Amino acid sequence: MSDLYPLRFAPVYKDYIWGGRKLASLGRTLPPGRVAESWEIAAHPAGTSTVVNGRWAGTSLADLRAQLGARLVGARAAWAEARGIFPLLVKLLDAHEPLSVQVHPDDAYAWAHEGNELGKSEMWVVLHAQPGAAIILGVSPGTTPERFRAALAAGDLEACLHRLPLQTGDVVCVPAGSVHAILGGLVIAEIQQNSNTTYRVYDWGRVGDDGRPRPLHVDHALAVINFDQVEPGIARPEPAWQASGVAAETLCRTTRFVTERVRIGAGA
């Protein structure tokens with residue numbers, strides 16, 4: 001392990017219809033046009049970041065994982081390493097416009113229906129929120145699969161969805177099975193399982209860049225939505241540990257990863 005060192009990466013930029021230009025305010029040198037996501041630490045077939053420092057400069061994270069395996073990801077990520085997959089994907093998101101109403105599967109469903117793709121639990125830290133910004137997270141009381149499908153067919157899905165206002169600094173846990181949507185006006189740091197599987201159920205009646213409605217995945221979505229997740233709130237950080245001048249709090253705990261925020265006092 002002694003030859004490992006702190007790695008820095010060149011990000012991978014993604015252009016989706018809901019993106020904007022706000023990631024430039026975080027010091028990113030953006031390509032022309034809208035930028036929805038910056039994949040900061042990524043080793044996925046849809047995009048892999050590249051090391052920019054030290055002896056492995058120029059090496060993709062996917063290739064580095066293949067070379068180093070558990071030495072890089074650690075023993076606790078054996079569940080991903082066994083499938084030859086880097087466990088996590090770290091992103092910055094500029095939700096200039098609303099994202100679709102969507103849900104992600106857990107590992108078992110993804111492995112059964114999406115090949116070697118992982119499931120997707122994720123968490124968000126809100127870096128910037130415009131006044132009135134909000135997300136959809138979970139369902140409203142009394143929502144069942146049957147009511148959800150009927151509301152979708154009737155064009156009244158929003159009655160089944162839980163809307164949650166957000167402010168800068170808020171933390172949101174989004175375990176697999178959470179129906180959710182980022183509703184625009186938000187810049188978010190996201191830590192998630194290394195998966196790109198999204199089941200859209202509603203896309204606000206808009207079309208993609210090709211002038212056609214983007215695909216929906218209603219049957220898959222209904223198979224994985226957790227209808228017991230009724231009106232969840234934002235995450236409440238909990239003290240984790242502290243040392244001289246340093247304190248950590250747990251932000252989000254999933255079955256596959258735990259995120260902590262570390263605060264370091266002046267001079268520590």
Side-chain angles (χ1 to χ4, degrees), residues 1-16 19 23-24 26-31 35-94 104-111 113-125 127 173-176 187-198 240 246 248 250-262 264:
M1 202 62 88
S2 60
D3 59 338
L4 289 175
Y5 58 93
L7 300 170
R8 295 188 293 110
F9 296 91
V12 178
Y13 295 113
K14 296 292 183 177
D15 170 13
Y16 303 133
L23 296 186
L26 300 179
R28 301 300 178 271
T29 301
L30 303 182
V35 176
E37 296 183 348
S38 175
W39 290 18
E40 299 287 301
I41 301 175
H44 189 275
T48 183
S49 48
T50 302
V51 180
V52 297
N53 66 316
R55 61 175 290 196
W56 285 304
T59 304
S60 74
L61 181 55
D63 288 343
L64 192 61
R65 187 223 55 80
Q67 291 180 46
L68 300 180
R71 292 184 59 223
L72 180 68
V73 302
R76 293 185 181 181
W79 54 273
E81 181 60 27
R83 291 178 173 267
I85 299 174
F86 190 80
L88 299 179
L89 175 55
V90 179
K91 301 177 179 178
L92 299 173
L93 281 68
D94 175 9
H104 308 302
D106 62 13
D107 286 340
Y109 192 90
W111 291 336
H113 296 272
E114 304 293 341
N116 198 41
E117 185 84 328
L118 298 178
K120 187 176 176 182
S121 289
E122 58 191 25
M123 65 84 62
W124 307 332
V125 178
L127 304 181
C173 297
V174 189
V187 177
I188 285 173
E190 177 176 290
I191 298 173
Q192 58 163 88
Q193 287 182 265
N194 185 11
S195 170
N196 204 33
T197 298
T198 295
V246 181
T250 300
L251 300 183
C252 187
R253 184 179 298 275
T254 77
T255 59
R256 292 308 196 190
F257 64 86
V258 177
T259 52
E260 292 181 346
R261 177 161 52 202
V262 179
I264 302 175

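Residues take their numbers from the sequence shown, with the count starting at 1. Worth knowing before you read on, the calculation uses all heavy atoms, side chains too, and leaves out hydrogens, waters and symmetry mates. What you are looking at is a predicted structure, and each value in this text was computed from that prediction instead of being measured.
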Can you see which heavy atom on [X] is nearest to which on [Y], and at what distance?
X: Asn53; Y: Pro6; value: ND2-O, 3.0 Å
X: Ala10; Y: Val52; value: N-CG1, 3.5 Å
X: Val51; Y: Leu64; value: CG2-CD2, 4.2 Å
X: Ala77; Y: Pro87; value: CB-CG, 3.8 Å
X: Leu118; Y: Ser195; value: O-OG, 2.9 Å
X: Lys91; Y: Leu89; value: CE-CD2, 3.5 Å

To the nearest 0.5 Å, tell me how far [X] [atom1] sits from [Y] [atom2].
X: Cys173; Y: Glu122; atom1: SG; atom2: CD; value: 10.5 Å
X: Gln193; Y: Asp106; atom1: CD; atom2: CG; value: 8.5 Å
X: Leu61; Y: Leu68; atom1: CG; atom2: CG; value: 10.0 Å

Practice problem: For Trp56 and Asp3, run side-chain contact (heavy atoms from CB on, under 4.5 Å): C-alpha distance rounded to whole Å, both residues' side-chain angles, the deciding distance at 0.1 Å, then the answer. | Solution: CA-CA 11 Å; Trp56 285 304; Asp3 59 338; 4.3 Å; yes
Quiz prompt | is_close_aromatic(Tyr13, Trp39), centroid dist under 6.0 Å | solution =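 Judged by ring-centre distance (under 6.0 Å), Tyr13 and Trp39 do not meet the cut-off.
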Quiz prompt | Charged N-O contact under 4.0 Å between Asp94 and Arg28 | solution =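 Salt bridge: no.
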Quiz prompt | Salt bridge present between Glu81 and Arg83 (N-O < 4.0 angstrom) | solution =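 Looking at Glu81 and Arg83, the cut-off is not met.
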Quiz item: When you look at Phe9 and Thr50, which way does the side-chain contact (heavy atoms from CB on, under 4.5 Å) test go after all the steps?
Solution: CA-CA 5 Å; Phe9 296 91; Thr50 302; 5.9 Å; no
Quiz item: Taking C-beta and beyond as the side chain, do Val187 and Leu23 meet within less than 4.5 Å on heavy atoms?
Solution: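 With C-beta onward as the side chain, the pair touches.
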Self-check item: Candidate pair Leu127 and Ile188, rule side-chain contact (heavy atoms from CB on, under 4.5 Å), full reasoning
Solution: CA-CA 5 Å; Leu127 304 181; Ile188 285 173; over 6 Å; no
Self-check item: Tyr16 (side chain) donor-acceptor with Val35 (main chain) under 3.5 angstrom
Solution: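 Looks like no, no N/O pair under 3.5 Å.
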Quiz item: Quick check: does any side chain N or O of Asp107 sit under 3.5 Å from a backbone N or O of Gly119, one acting as donor and the other as acceptor?
Solution: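 Between the backbone of Gly119 and the side chain of Asp107 there is a qualifying donor-acceptor contact (under 3.5 Å).
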Quiz prompt | salt bridge (Lys or Arg N to Asp or Glu O under 4.0 Å) involving Glu117 - partner list, sequence neighbours excluded | solution =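 Result, salt bridge (Lys or Arg N to Asp or Glu O under 4.0 Å) vs Glu117: none returned.
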Quiz item: Between the side chains of Ser38 and Glu40, does any donor sit under 3.5 Å from an acceptor?
Solution: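 Side chains of Ser38 and Glu40: pair found under 3.5 Å.
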Quiz prompt | Pairs meeting criterion ring-ring contact (aromatic ring centres under 6.0 Å, His included) with involvement of residues 68-94, two or more places apart | solution =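 Non-adjacent pairs meeting ring-ring contact (aromatic ring centres under 6.0 Å, His included): zero.
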Practice problem: Take Val125 and Leu251 through the test side-chain contact (heavy atoms from CB on, under 4.5 Å) and record every step on the way to the result. | Solution: CA-CA 9 Å; Val125 178; Leu251 300 183; 4.3 Å; yes
